[in-house]
Amino acid sequence: MGSRMVLKLLSEGHVVVVWNRTSSKVEELRLKVKSDKLKVGKSIRDLVGQLDKPRVVWLMVPAGEATQEILDSFDKTQDRQVEKGDIIIDGGNAHYTDTQKRFEHFSKKGIRYLGIGVSGGTI
């Protein structure tokens, strides 16, 4: 989930909406951090729905199938979750060719895509 990134963003005063495929990790974080700036999404759709436009969606998922699955869910034509003007930040350590393909794909839709692998989290 990128809990260290969440803690850093919260400490700087940002409102953060989190979601994880493993709900127990979200619950652990929620119990650890008692802040009204920490919001919990019940699903990816719920998470994105809680963000103000233009949305910034920061993925902290290991590179690979899980990342692609989430990105695909953003991009379904009949169920679009991100749109022109939104920003997707991929914090997983994706291979640069995957990042380039994703950048090109989302750029055509007016969605900004940043591949900024942050292995190890923040200091």
Side-chain angles (χ1 to χ4, degrees):
M1 172 189 359
S3 59
R4 292 192 326 184
M5 189 66 72
V6 170
L7 294 173
K8 179 167 179 43
L9 291 168
L10 288 170
S11 75
E12 294 174 358
H14 297 280
V15 173
V16 180
V17 184
V18 299
W19 171 81
N20 192 300
R21 292 174 293 168
T22 307
S23 59
S24 62
K25 292 189 181 215
V26 174
E27 186 60 22
E28 287 173 28
L29 180 65
R30 197 178 64 73
L31 292 172
K32 180 179 179 180
V33 177
K34 303 217 187 297
S35 170
D36 60 347
K37 293 190 179 282
L38 178 66
K39 311 290 183 190
V40 176
K42 296 178 180 130
S43 64
I44 294 171
R45 173 195 294 288
D46 185 42
L47 177 144
V48 173
Q50 292 187 55
L51 300 174
D52 294 332
K53 293 182 181 182
R55 295 171 282 232
V56 177
V57 180
W58 193 322
L59 302 175
M60 291 298 288
V61 180
E65 287 181 25
T67 299
Q68 192 59 51
E69 182 181 315
I70 291 169
L71 291 172
D72 287 347
S73 77
F74 290 158
D75 202 34
K76 293 178 183 169
T77 303
Q78 74 278 13
D79 191 27
R80 188 161 319 278
Q81 295 180 42
V82 293
E83 54 196 33
K84 185 176 183 177
D86 289 345
I87 301 168
I88 299 172
I89 301 171
D90 183 357
N93 290 312
H95 192 271
Y96 75 94
T97 57
D98 292 337
T99 299
Q100 186 62 35
K101 286 177 197 170
R102 292 169 180 157
F103 170 80
E104 291 168 4
H105 173 79
F106 284 108
S107 289
K108 290 176 187 173
K109 298 171 185 292
I111 298 166
R112 292 172 279 178
Y113 181 87
L114 301 157
I116 56 164
V118 289
S119 180
T122 60
I123 298 177

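No experiment lies behind these values; they were computed from the predicted model shown. Values below: every heavy atom of this structure, side chains too, minus hydrogens, waters and symmetry copies.
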I'd like to know if the side chain of [X] reaches the main chain of [Y], judged simply by a donor and an acceptor atom lying under 3.5 Å from each other, with no hydrogens or angles considered.
X	Y	value
His95	Thr97	yes
Thr22	Ser24	no
Arg45	Gln81	no

Hey, could you give me the [atom1]/[atom2] distance between [X] and [Y], rounded to the nearest 0.5 Å?
X	Y	atom1	atom2	value
Met5	Met60	CE	CE	4.5 Å
Lys84	Arg112	NZ	CZ	11.0 Å
Leu7	Lys32	CG	NZ	5.0 Å
Phe106	Lys101	CZ	NZ	14.0 Å
Ile111	Ser107	CD1	OG	9.5 Å
Tyr113	Lys108	OH	NZ	15.0 Å

### Message
Applying side chain to side chain contact (heavy atoms under 4.5 Å, CB included), can you list everything that pairs with Val56, at least two apart in sequence or on another chain?
### Response
Ile87, Ile89

### Message
Under the rule for side chain to side chain contact (heavy atoms under 4.5 Å, CB included), what residues qualify as partners of Leu47, not counting sequence neighbours?
### Response
Val17, Trp19, Leu51

Is [Y] close to [X] at the side-chain level, that is, under 4.5 Å between some pair of heavy atoms?
X	Y	value
Asp90	Leu114	no
Val15	Lys39	yes
Val18	Val16	yes

Kindly give the heavy-atom pair with the smallest separation between [X] and [Y], and that separation in Å.
X	Y	value
Ala94	Arg102	CB-NH1, 3.8 Å
Gln50	Val40	NE2-O, 3.1 Å
Asn93	Gly117	OD1-CA, 3.1 Å
Ser35	Leu10	OG-CD2, 4.4 Å
Pro54	Gly85	CB-O, 3.2 Å

Residues in salt bridge (charged side-chain N to carboxylate O under 4.0 Å, His left out) contact with [X], at least two apart in sequence or another chain:
X	value
Asp98	none
Glu104	none
Arg21	none

### Task
Quick one: which residue pairs count as a salt bridge (charged side-chain N to carboxylate O under 4.0 Å, His left out) with a foot in residues 50-60, not counting sequence neighbours?
Lys53-Glu83, Arg55-Glu83, Arg55-Asp86

### Message
Can you confirm whether Glu27 is buried at CD, in the sense that more than 12 heavy atoms of other residues, nucleotides or ligands lie under 6.0 Å from that atom?
### Response
yes

### Query
When you check the gap from the basic side-chain N to the acidic O, do Lys8 and Glu12 get nearer than 4.0 Å?
yes

